[in-house]
Asker: 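My questions all concern the structure below.
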Amino acid sequence: MSTPTRSDRKYDFKHIEAKWQERWEKERLFHAPPLPQHDNKFYMLVMFAYPSGDIHMGHFRNYIIGDAVARRQMMLGKAVLHPFGWDAFGLPAERAAIQRNIHPSEWTDNNIEVSRSTLQKVGISFDWSREVITCHPDYYKWTQWMFVQLFKHGKAFRKRGVINWCPEDKTVLANEQVKEGRCERCGTLVEKKDQMGWYFRITDYADRLTDDLDSLPGWPENVKTMQKEWIGRSYGLEVDFQIEGTGEKLAIFTTRPDTIFGVTFMAISPEAEILGKLPLTPEFAAKVREYQKQAAGRSDIERAAATLEKDGVFTGRYAVNPFNGERVQLWVADYVLAGYGTGAVMAVPAHDSRDFAFAKRYGIPIKVVIHPDANTPLDVNKMTEAFTDHGPMVNSGQFDGKAGESAIDAVSSFAESKGFGRRKVNFKLKDWSISRQRYWGAPIPIIHCSNCGEQAVPEDQLPVLLPKVENYMPKGRSPLADVPEFLNTICPKCGGPAERDPDTMDTFVCSSWYFLRYLDAQNESAPFDKEAGKRWMPIDLYVGGITHATGHLIYFRFFTKFLKDIGWIDFDEPAKKLFNHGMVMDAHGEVMSKSKGNVVSPIALMESRGTDITRLAMFFTAPSEKEVLWSSDSLTGVEKFVLNRMYPIIKEYRGSRPDLKRYFKQAELDENERSIYVKLNQTIKRVSEAYDRLQLNAAIAAVMELTRDFDSARIKDAGLNDQIVLKSIQMIAPMAPHLAEELWETAGFKESIFKSDWPEFDPSAVIGDMIEIAVQVNGKLRDSIQVPAGSDQASVEAAAAASPKVQAFVTGKEILKRVYVAGRLLNIVVKG
RNA sequence: GCGAGAGUGGCGGAAUUGGUAGACGCGCUGGACUUAGGAUCCAGUCCUGAAAGGGGUGGGGGUUCGAGUCCCCCCUUUCGCACCA
């Protein structure tokens with residue numbers, strides 16, 4: 001299959017790839033300088049990997065995209081930082097340890113070895129001297145340092161609260177790790193539990209995390225939208241309702257103050273704290289308790305099912321609407337979320353679909369206070385669903401007639417002036433729960449002292465080393481809790497006996513700052529050098545999968561903002577540009593998985609067809625942001641291109657060692673030469689733009705066209721001929737680096753092609769001396785005419801008028817006007 | 001339900017952002033060279049039509065000299081969130 005016919009040399013990719021990988025390594029070609037010039041650097045980051053031991057098509061695609069960009073930036077003369085590392089803490093290592101009776105670190109380190117050497121075979125231009133491994137103490141020392149900084153600034157705190165509990169993994173999960181009520185990792189239904197744990201106050205950053213998205217034009221809209229929705233900022237009014245016959249107030253949050261005269265009941269979440277403070281008669285208290293039990297037994301999914309019939313129980317108590325003094329029933333209902341707002345809502349059945357369903361079920365009155373518009377009243381008896389749009393207020397006292405924003409404004413201001421309400425901003429985003437009751441993670445650097453409370457481990461005592469343990473079997477509490485040598489310590493403040501926190505940190509903490517450690521990975525006295533941060537940051541391009549849109553990609557922005565606030569860095573946003581590559585599916589559009597047996601290994605392909613051909617095939621099959629349905633057909637076209645055109649092209653090289661910066665004068669070239677010279681420059685332009693937009697499929701297509709049109713036999717000028725050969729090789733180099741290096745060397749260059757200058761196009765040669773003008777009559781194409789470049793409108797019109805095809809549509813008709821687009825098109829508009 | 005995308009040949013996909021739709025590649029058809037071809041080369045390949053021409057970018061309207069591209073209404077589809085009051 002790989003036997004070329006036109007080439008008299010076999011394309012011995014195995015030899016070529018090994019040779020160049022070795023040479024790159026020896027020459028330290030990819031080692032980034034410690035402190036680049038800020039205006040001439042490029043930080044190319046790909047999401048680091050969990051070391052599972054194999055590199056699959058998804059990794060392959062991710063890293064070759066980053067590689068193509070990094071290598072091209074090298075050719076553009078930038079100081080390039082292109083590092084890699086391993087997100088090495090996490091559950092699979094514990095699993096494997098339990099199954100095979102080896103230590104998680106051993107399993108992890110072995111996998112890293114295997115994966116690293118695979119990546120080296122892919123020829124990715126990583127600077128391995130900056131590799132980070134998050135489970136090694138020299139890294140997690142600084143993860144703990146980050147925790148301590150957060151703690152010292154009040155951004156890390158411990159509280160008891162309802163948490164997501166995965167019964168399979170036996171650990172707490174952050175909200176971001178729960179998808180559709182299930183553990184993102186193992187798919188088990190998540191349970192609610194009331195438990196003590198550590199949190200990061202990411203909610204303090206909610207406004208900035210939302211607002212600053214607008215300063216990121218280089219981020220895809222869909223990711224920004226997803227983050228905004230996840231953070232879920234909403235503006236509204238908090239109103240106090242007195243609970244009749246008690247001194248208690250019930251505060252509620254609403255985004256629709258304009259419906260407040262339509263409140264006909266109130267609803268409290270069964271988990272809301274206020275419920276405990278309500279004096280209930282024994283009869284009602286028992287009913288409420290029973291309902292609470294029932295609600296607690298329902299999974300999140302059951303409770304969230306939108307179609308689920310709302311249910312609840314009456315508390316026997318009444319609340320008073322401060323706007324009109326009306327007395328309404330106070331219910332407990334589990335469609336109200338405990339964790340949002342105040343855990344209680346004012347219910348306006350006429351204008352909220354959930355309240356509507358509830359009111360219908362329990363026969364609670366429905367009161368219309370908004371009309372669709374002034375002339376279209378709503379009839380309560382005919383309503384089959386709530387009317388939730390905006391419209392003029394009715395039955396609302398002095399507010400009648402106000403509508404929309406101004407209505408909300410008027411009601412809010414009134415409440416504020418009377419002192420029973422205040423404007424408020426609420427977020428869906430919750431504080432980030434980071435305690436994990438598992439072994440294989442970074443220990444939380446906190447000491448609990450019965451006298452002094454929670455004390456951060458002094459920075460000079462970091463890292464808190466993860467001890468060896470006998471048993472990683474998950475029991476629902478951290479394995480470290482059973483290691484007295486670890487647990488027992490002394491209080492750093494009073495010196496008395498104290499205990500370490502037994503929990504470890506969510507691995508997303510480790511990955512929230514790894515991009516900074518790359519700047520200065522060996523630093524033993526600081527997480528990274530501030531000057532290196534100034535020079536290298538922000539990340540110029542961050543490439544990874546879309547799956548991290550509302551997890552990692554929010555967390556690392558949060559860390560960045562925190563570190564800026566405490567003076568470690570001087571920028572607000574970590575990454576200027578974000579690119580999400582598409583997934584790699586099998587030929588039928590199914591996700592590749594071991595259980596389906598449809599996994600295609602990039603390694604096998606690289607071995608049978610060559611790494612560069614495999615890389616080109618991945619680039620060429622689909623644009624990088626779209627999903628790829630991978631089949632072996634993907635290889636056919638690019639393989640022919642490499643074997644029949646690209647690899648043999650070097651035979652056409654005449655050894656002229658041309659000045660690659662020289663531009664030719666079109667007048668000095670003959671017709672064949674001129675046309676290929678124009679093609680060359682058009683190609684350089686197209687390819688450069690394609691790389692800039694990461695349209696690597698289009699970049700390959702353009703080079704294919706050039707090499708197809710290139711016919712050395714028809715070119716007299718050796719310098720021109722050789723420019724075409726060499727620039728074609730340069731243009732393909734970032735995508736097929738081994739092949740390009742080999743050809744470049746064959747042409748006589750001693751230095752790596754990645755030290756050569758990326759070709760620039762001759763602006764005077766992107767259009768030829770004769771150009772084609774489309775001639776339309778009434779917008780329909782009738783002919784294409786050749787005119788000298790630079791012709792004015794009059795001469796183009798004259799040439800068009802001479803065309804018989806055009807004449808056929810114009811003769812005898814009145815010409816109304818002519819639209820001329822210079823160098824492209826002439827449209828003759830005729831009557832009739 | 002809410003939100004954000006996407007619909008272009010048999011297939012993957014191009015189209016300088018309002019200016020010659022279908023680049024490049026796969027597949028397919030025919031031919032050349034061959035003992036052979038699953039190699040290579042040449043030609044063809046949106047539909048219709050003998051041709052001239054006509055039609056054509058999910059469907060329907062609109063703006064414009066000109067719309068795949070902009071606007072409105074549908075349809076299909078992918079992804080995300082999912083009782084957030």
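Residue numbers start from 1 in every chain, and the chains themselves are labelled A, B, ... in the order their sequence lines are given, proteins ahead of strands.
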Asker: Whether A/Lys626 contacts B/A6 is assessed here as follows: a side-chain N or O lying under 4.0 Å from the phosphate OP1 or OP2. Is that the case?
Answerer: no
Asker: For A/Val821 and A/Met704, find the nucleotide of RNA chain B closest to each by heavy atoms; which residue's nucleotide sits nearer the 5' end?
Answerer: A/Val821
Asker: Across all strands shown, which nucleotide pairs with B/G25 by Watson-Crick or G-U wobble geometry, both distances under 3.5 Å?
Answerer: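 Paired with B/C11.
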Asker: Between B/A23, B/C26, B/A85, which one does the side chain of A/Val336 approach most closely?
Answerer: B/A85
Asker: Counting side-chain heavy atoms from CB outward, which of B/G3, B/C24, B/U20 is closest to A/Ala774?
Answerer: B/U20
Asker: State whether A/Ser234 places a side-chain N or O below 4.0 Å from either non-bridging phosphate oxygen (OP1 or OP2) of B/A85.
Answerer: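 For A/Ser234, the contact criterion (side-chain N or O under 4.0 Å from OP1 or OP2 of B/A85) is met.
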Asker: Any strand counts, and the cut-off is 3.5 Å on both contacts for Watson-Crick or G-U wobble. Which nucleotide pairs with B/U69?
Answerer: none
Asker: Measuring from the side chain of A/Asn697 (C-beta onward, heavy atoms only), which nucleotide among B/C81, B/A14, B/A85 has the closest atom?
Answerer: B/A14
Asker: Look at the side chain of A/Phe253 and decide which nucleotide, out of B/A85, B/C26, B/A14, has an atom nearest to it.
Answerer: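 Nucleotide nearest to A/Phe253's side chain: B/A85.
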Asker: Of the nucleotides B/U20, B/G19, B/G53, which one has an atom closest to the side chain of A/Ser784?
Answerer: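 When the side chain of A/Ser784 is considered, B/U20 is the closest of B/U20, B/G19, B/G53.
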Asker: Under a 3.5 Å cut-off for both distances, is B/A4 Watson-Crick or wobble paired, and to whom?
Answerer: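 The base-pairing partner of B/A4, which may sit in any strand shown, is B/U78.
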Asker: Who does B/G37 pair with, Watson-Crick or G-U, both distances under 3.5 Å?
Answerer: none
Asker: Report yes if the distance between the aromatic ring centroids of A/Phe641 and A/Phe620 is under 6.0 Å, otherwise no.
Answerer: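 Judged by ring-centre distance (under 6.0 Å), A/Phe641 and A/Phe620 do not meet the cut-off.
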Asker: Checking salt bridge (Lys or Arg N to Asp or Glu O under 4.0 Å) against A/Glu639, which of A/Arg645, A/Arg615, A/Arg609 comes through?
Answerer: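 The passing option is A/Arg609.
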